[in-house]
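Inspection log for the structure reproduced underneath, given as structure tokens.
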Amino acid sequence: MDNDKILDIYTRMLRIRRFEEQVGILFAQGQLPGFVHLYIGEEAIAAGVCAALRDDDYIVSTHRGHGHVIAKGGDFNRMMAELFGKATGYCKGKGGSMHIADFSIGMLGACGIVGGGIPLAVGAGLSAAYRGTDQVAVSFFGDGASNEGSFHESLNLAAVMKLPVIFVCENNRYGEFTPMEKVTAVRDIAVRATGYGIPGVIVDGTDALAVYDAAAAAVARARNGEGPTLIEAKTHRRGGHAEGEKAFLAGGVYRSQEELAEAQLKDPLLIMHRRMVAMHLIAPDVLEELDHRITQAVAEAVAFARRSPDPEPEAIYEDTWI
Amino acid sequence: MAKKTYVAAIKDALAEEMRRDSSVFLIGEDVRLGVFAGTRGLHAEFGDRRVIDTPISELAVAGAGVGAAITGLRPVVDLMFGTFLYLALDQIVQQAASARYMFGGQTRVPIVYMVQNGGGISAGAHHSQAVHPIFMNVPLLKVVMPSNPYDAKGLLKAAIRDDNPVIFLSPLSLTGVRGEVPDEEYVLPLGKGEIKRPGRDVTICSAGATVPAALKASQTLAVEGIEAEVIDLRTLKPWDEALVLESVAKTGRFVAVDESKPICGAASEWTATVAEKAFAYLKAPPQRVSGKDVASPFSPVLERAVIPSADDVVMAAKRTLLGAQEPIAQSHEARDSNQALVHGS
Ligand SMILES: Cc1ncc(C[n+]2csc(CCOP(=O)(O)OP(=O)(O)O)c2C)c(N)n1
Ligand SMILES: [Mg+2]
């Protein structure tokens with residue numbers, strides 16, 4: 001892999017991390033309406049996968065979707081404004097955190113319904129095949145989502161039609177507050193691929209370069225007309241299921257200290273940073289400068305969102321046939 | 001009497017019924033920890049066998065509930081948000097609601113599906129829908145939508161004891177609301193509404209999330225010398241037609257308020273019944289106040305504009321007092337443009 005690619009992947013990850021950290025702070029301050037689910041700890045997956053895509057490829061996201069938008073090249077200002085519910089947001093304040101989309105970069109939408117986006121990626125793949133392009137479609141979803149019927153129906157449909165789809169399971173070992181082993185009959189989601197006659201690949205989801213390699217192989221396969229791949233990226237959710245959950249759980253505990261500590265250790269950003277410095281790929285001060293610029297851009301996005309107007313109440317009838 | 005939150009009242013009802021009847025059990029996603037706290041703590045008392053955390057598989061869980069119900073158990077299925085019922089719709093409509101009738105009375109389906117319904121907290125389009133009319137339209141389901149902790153407890157207990165499938169809807173915007181809940185055992189009958197405030201001038205019919213708006217509107221109207229009678233239906237199916245018709249016979253004016261959408265919404269059903277059965281008593285055209293006919297927007301400003309407000313109810317009540325029917329030509333225009341239809345009602 002060339003150095004530019006590595007730096008590209010790292011930049012995407014850092015953009016996600018700094019954005020999400022700020023969102024966490026804003027939510028704690030009560031500045032954001034609704035719910036937010038942060039992607040912190042899982043950055044290597046969105047970054048590694050999206051770095052293997054072309055701009056005209058598609059992705060479909062989840063309730064934990066900020067990272068996917070950013071990795072595909074999303075705009076901080078319009079994202080942040082959407083999280084504030086402002087008229088300048090990606091969805092003019094109509095969508096919010098769980099419904100961010102940017103069709104101009106092939107980001108076909110976050111999704112509040114677990115497993116709800118998976119069939120859309122199959123349809124985007126079908127559309128690419130139908131139109132005779134060599135675009136591919138990626139469906140991101142969680143370990144929990146792989147217990148929904150939509151997952152199973154989608155894998156079979158994509159497999160039997162040999163569609164250019166990459167199913168990326170972000171296995172962070174939890175669905176809300178329930179550990180995977182209590183609700184999922186297999187330890188590896190990837191083995192489910194066998195039931196649909198497609199490759200199932202397990203990758204360390206905290207290693208961005210490994211994710212990139214797995215994604216690049218699956219993308220090549222899909223572009224070649226060889227059909228879908230299921231990639232299971234094993235990762236950790238560093239924070240809660242949703243921001244503000246502590247207050248709401250009122251002392252309820254569902255994760256051990258050891259497991260949380262392990263999640264902190266396996267920080268994909270640190271892993272990548274250490275590796276780049278060790279390989280003398282890039283000087284630490286250049287990385288610091290990059291971090292500074294990104295942090296600055298996030299701060300500007302917050303300012304942009306704050307000074308943006310709320311939508312007018314009349315806007316409820318815009319974007320309809322009414 | 002203790003003041004309790006809506007969710008605490010739900011928890012009490014579940015605990016009491018589970019103690020009373022060992023065939024009652026709770027099943028759903030994260031019911032052990034309790035996403036809305038209504039099931040929190042029950043696991044400590046009842047254990048793994050009766051408080052079952054499930055995979056995120058709404059269709060299978062809803063249908064497994066039916067299978068358990070037709071073989072002697074009384075499941076309470078917690079599906080969290082009303083919109084998640086869509087994933088389970090096939091099993092609820094085709095199996096739960098149909099089995100008793102379709103199999104010629106060989107079986108009963110004593111099951112409760114419990115969810116949070118409606119919007120009001122910027123949860124976004126996928127989590128903020130008032131789904132009840134969909135289920136009102138399913139034959140042989142019962143649909144309950146209490147507006148306060150006292151009713152929630154008494155009606156949930158009745159729902160669990162009922163031999164028919166019941167959709168039990170807690171308004172999302174009212175989960176934290178507190179109210180008096182007696183310590184003594186009580187059960188409220190399904191299908192009975194309540195007059196929350198008596199009045200002679202206009203009947204305002206509501207349920208669930210819109211009851212507070214209806215009551216607030218009645219206070220505003222009272223300041224202007226208009227005495228509104230506010231009804232909380234509590235159960236949407238079967239619903240307390242008699243209570244509503246008697247009230248309209250007294251007031252001669254009718255306003256139906258509901259968060260669901262105007263076309264085939266709950267308010268439409270109530271209004272149609274009043275027009276059909278109490279026409280002779282009406283002094284003015286009945287009015288509907290419904291949610292605006294668009295998806296639920298995220299922005300608090302937009303969401304407020306979509307959900308019926310107390311002001312909307314006041315305006316509708318005043319329209320009945322003016323007694324003037326809109327010219328028919330204008331109504332046609334309104335229907336054609338559709339926008340006016342949803343704006344105007
Ligand atoms: C159909 C549906 N069921 C339940 C939920 C509630 N819910 C939101 S996120 C979530 C957990 C999802 O787990 P997973 O797919 O592993 O994604 P993660 O949150 O871990 O990224 C659940 C149960 C939902 N949004 N949609
Ligand atoms: Mg998960």
Side-chain angles (χ1 to χ4, degrees), chain A residues 32-35 63 82-87 89 91-99 110-116 142-151 175-180 182-185 241 245 248-250 252-254 309-322, chain B residues 28-37 40-41 43 48 52-61 63 80-81 83-84 86-88 90 119-129 175-176 291-307 337-343:
Chain A
L32 302 178
F35 306 122
H63 58 284
E82 189 60 33
L83 299 189
F84 274 82
K86 295 299 184 76
C91 312
K92 306 175 193 163
K94 284 181 172 146
S97 165
M98 278 194 280
H99 303 293
C111 182
I113 296 300
V114 170
D143 48 297
S146 77
N147 291 325
E148 288 282 16
S150 64
F151 166 81
E176 284 182 357
F177 316 114
T178 302
M180 176 189 171
K182 281 188 69 184
V183 288
T184 301
H241 166 65
E245 74 178 27
F248 147 97
L249 288 173
V253 173
Y254 61 97
D310 277 324
E312 294 296 328
E314 295 71 39
I316 63 171
Y317 290 114
E318 285 167 13
D319 308 307
T320 73
W321 48 259
I322 294 173
Chain B
E29 290 155 28
D30 274 316
V31 288
R32 186 173 169 157
L33 218 66
V35 171
F36 288 106
R40 191 172 300 160
H43 181 267
D48 283 348
I52 305 172
D53 272 349
T54 70
I56 311 174
S57 309
E58 289 79 9
L59 182 80
V61 174
M80 220 182 302
F81 279 87
T83 49
F84 304 168
Y86 298 156
L87 286 92
D90 172 70
I121 63 164
S122 276
H126 285 175
H127 287 74
S128 313
Q129 302 170 31
T175 46
K292 303 291 190 297
D293 206 3
V294 293
S296 303
F298 167 77
S299 135
V301 174
L302 296 182
E303 193 177 28
R304 265 196 301 279
V306 165
I307 294 175
S337 74
N338 214 310
Q339 175 161 356
L341 186 72
V342 281
H343 268 306

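Predicted, not measured: the structure shown is a model, and the values here were computed from it. Every chain is numbered from 1, with letters handed out A, B, ... down the list of sequences.
- Only the backbone of A/K92 has a heavy atom closer than 4.5 Å to any heavy atom of chain B.
- Of the candidates B/V306, B/I307, B/V301, B/V301 is the only one forming a side chain to side chain contact (heavy atoms under 4.5 Å, CB included) with B/R304.
- Chosen from B/A305, B/S122, B/G34, B/P55, the residue pairing most often with chain A at heavy-atom distances under 4.5 Å is B/P55.
- With 3.5 Å as the limit, one finds no donor-acceptor pair spanning the side chains of A/T184 and A/D143.
- Contacts between B/S296 and chain A at a heavy-atom distance below 4.5 Å involve the backbone alone (N, CA, C, O).
- Residue contact with chain B, scored on non-hydrogen atoms closer than 4.5 Å, is absent for A/C91.
- Applying the ring pair (Phe, Tyr, Trp, His ring centres under 6.0 Å) criterion to A/F177, with sequence neighbours excluded, gives A/H241, A/Y254.
- Counting heavy-atom pairs under 4.5 Å between each of B/I56, B/T54, B/L33 and chain A puts B/I56 at the top.
- Between B/F298 and A/F84, the gap from one ring centroid to the other reaches at least 6.0 Å.
- Aromatic rings of B/H127 and B/F84 (six-membered ring for Trp) have centroids within the 6.0 Å cut-off, being under it.
- With a 4.5 Å cut-off on non-hydrogen atoms, B/F81 touches chain A through its side chain but not through its backbone.
- Under the ring pair (Phe, Tyr, Trp, His ring centres under 6.0 Å) criterion, A/F35 pairs with no residue, sequence neighbours left out.
- Contacts between B/E58 and chain A at a heavy-atom distance below 4.5 Å involve backbone atoms as well as side-chain atoms.
- Within the 4.5 angstrom heavy-atom criterion, no atom of A/L32 approaches chain B.
- In this structure, the portion of A/T320 lying under 4.5 Å from any heavy atom of chain B is its side chain and not its backbone.
- Of the two parts of B/S57, the backbone and the side chain both hold a non-hydrogen atom closer than 4.5 Å to a non-hydrogen atom of chain A.
- Interface remark: A/E312 contributes backbone atoms only to the contact with chain B (heavy atom separation under 4.5 Å).
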